[in-house]
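Worksheet for the structure shown next.
Along the sequence shown, the residues carry numbers beginning at 1. The figures here come from the full heavy-atom set of this structure, side chains too, leaving out hydrogens, waters and symmetry mates. For ligands, and for the atoms within them, numbers begin at 1 and follow the listed sequence.
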Amino acid sequence: MSFLDAKFVQGFIRMANDGWEQGWHERNGGNLSYRVKPKEVEEVKDCMQAGEWEPIGANVPGLAKEYFLVTGSGKYFRNVIINPEDSICMIELDDKGENYRIAWGLVNGGRPTSELPSHLMNHEVKKNQNEKYRVIYHAHTTNIIALTFVLPLKDEVFTRELWEMATECPVVFPDGIGVVPWMVPGGKEIAVATSELMKKYDLAVWAHHGMFAAGEDFDLTFGLMHTAEKSAEILVKMLSMQSNKLQTITPDNFRDLARDFHVTLPERFLYKK
Ligand code: 2HA
Ligand code: ZN
């Protein structure tokens, strides 16, 4: 089978293009990675080659010898659908989880996403918790970014405010959402901070920058990003109309919802305002 015909590659390309169409990927903004299943690696093994080993910039022994499909550093989400072999690549990790090499793609040169340390450290945390987690997605979600200028940068506040703006939110992300204060992107420090939050949540806000989402497949991960960003859009609209709510979903409403939808909503998010 040709590499681009593989179902996981098609799913990756579609998700990248969906993100572009949402307006979350100006220029080379954002990045996406997928931890490839062994049987999927097998499907495309005839298309692969072995590039030079390069350092990851983080140690991820829990991901040793795994393969990832990732967007390229400096590449545009806008171009993924028309020129995937130039925009994305498949990488293989070494047996220590310290180096990677390119097995397919980036035909005109380049490197995997500048946020590779964050992606891989998040993958390692999620894989340890649940083998089914395979997707890490970083997007420059406009309304979430806007809110990081006006809301306190606290997990409790972002979680509660986003939950209140759309009834589906506490069902879609019952564990809540974490917030990383502003940090220099691309390095190990922000990767460590994000992966710490990923131990508790599937979503992390990067103040004044964007969001990271983790999930089991492309639909769930895109849907999670989309749901949180849509809720942020409603909050931005509401705050633009007037700064106080006339009515809202109350802590007791959330408790009733939790019971009927069989989700556990931590009480620390249901604080009295
Ligand atoms: O340019 O989004 O965080 C890619 C990024 C860096
Ligand atoms: Zn970014």
Side-chain angles (χ1 to χ4, degrees), residues 12-13 15-34 54-58 60 68-91 100 102 105-106 108-126 135-149 151 153 158 177-198 201-215 218 221-222 224-226 228-229 232-233:
F12 183 99
I13 293 171
M15 176 155 162
N17 198 61
D18 285 346
W20 156 249
E21 288 184 347
Q22 289 297 326
W24 300 337
H25 300 287
E26 73 291 341
R27 202 172 182 276
N28 60 319
N31 21 77
L32 174 63
S33 64
Y34 172 70
E54 303 282 348
I56 291 167
V60 284
F68 294 84
L69 196 58
V70 300
T71 47
S73 177
K75 300 295 182 180
Y76 291 27
F77 268 57
R78 179 172 169 248
N79 292 335
V80 169
I81 197 163
I82 55 162
N83 206 356
E85 48 279 85
D86 174 65
S87 307
I88 67 177
C89 63
M90 176 127 121
I91 58 171
Y100 73 85
I102 294 177
L106 289 175
N108 298 308
R111 290 184 292 114
T113 167
S114 60
E115 303 292 359
L116 192 63
S118 279
H119 277 259
L120 293 182
M121 289 187 74
N122 290 343
H123 274 294
E124 192 180 40
V125 164
K126 286 299 174 192
V135 184
I136 301 288
Y137 181 34
H138 168 55
H140 293 177
T141 41
T142 316
N143 294 284
I144 285 279
I145 298 170
L147 289 176
T148 65
F149 295 92
L151 291 185
L153 298 176
F158 269 76
I177 177 166
V179 185
V180 180
W182 189 87
M183 289 170 102
V184 177
K188 192 169 172 181
E189 198 192 352
I190 197 166
V192 170
T194 312
S195 63
E196 278 302 312
L197 291 178
M198 283 291 173
Y201 311 114
D202 284 346
L203 276 169
V205 174
W206 278 9
H208 322 324
H209 185 146
M211 228 185 329
F212 262 85
F218 297 122
T221 315
F222 188 84
L224 181 59
M225 185 73 84
H226 202 185
E229 169 60 6
E233 181 181 349

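- Taking a cut-off of under 4.0 Å to the non-hydrogen atoms of Asn28, the atoms of ligand 1 that pass are 1 (O), 4 (C).
- Aromatic ring orientation, Phe77 versus His25: parallel (interplanar angle below 30°, classes split at 30° and 60°).
- Val80 is not listed as a side-chain neighbour of Trp20, based on a closest heavy-atom distance of 4.5 Å or more.
- The His138 neighbourhood of ligand 1 comprises atoms 2 (O), 3 (O), with distances under 4.0 Å to a heavy atom of that residue.
- The shortest contact between atom 5 (C) of ligand 1 and any protein heavy atom is with Asn31 ND2, 3.5 Å.
- Not one N or O of Ser114 is nearer than 3.5 Å to an N or O of ligand 1, by distance alone.
- By the 30° and 60° cut-offs, the orientation of the rings of Trp206 relative to His209 is perpendicular.
- Using a 30° and 60° split on the angle between ring planes, His226 and Trp24 fall in the perpendicular class, above 60°.
- Where the criterion is an N or O separation shorter than 3.5 Å, residue side chain and backbone included, Gly30 meets it with respect to ligand 1.
- Heavy-atom contacts of Glu115 reach the following atoms of ligand 1: 3 (O), 6 (C) (cutoff under 4.0 Å).
- In this structure, the side chains of Tyr100 and Leu116 come closer than 4.5 Å at one or more pairs of heavy atoms.
- You'll find the side chain of Thr113 stays beyond 4.5 Å of the side chain of Ser73, heavy atoms only.
- Here Thr113 has no heavy atoms under 4.0 Å from ligand 1, in either its backbone or its side chain.
- Residues Gly186 and Glu115 share a closest heavy-atom pair of N-OE1, 2.9 Å.
- Side-chain contact between Glu189 and Met183 is present, with at least one heavy-atom pair separated by less than 4.5 Å.
- Around the Zn ion (ligand 2), the protein N, O or S atoms closer than 2.8 Å are His138 NE2, His140 NE2, His209 NE2, listed by chain and residue number.
- Put simply, the side chain of Arg27 reaches to within 4.5 Å of the side chain of Tyr76, judged on heavy atoms.
- An N or O contact shorter than 3.5 Å links His140 to ligand 1 by distance.
- Arg27 does not count as a contact of ligand 1, since none of its heavy atoms falls under 4.0 Å from the ligand.
- Annotation: side chain of Met225 is in contact with side chain of Thr141 (closest heavy-atom distance under 4.5 Å).
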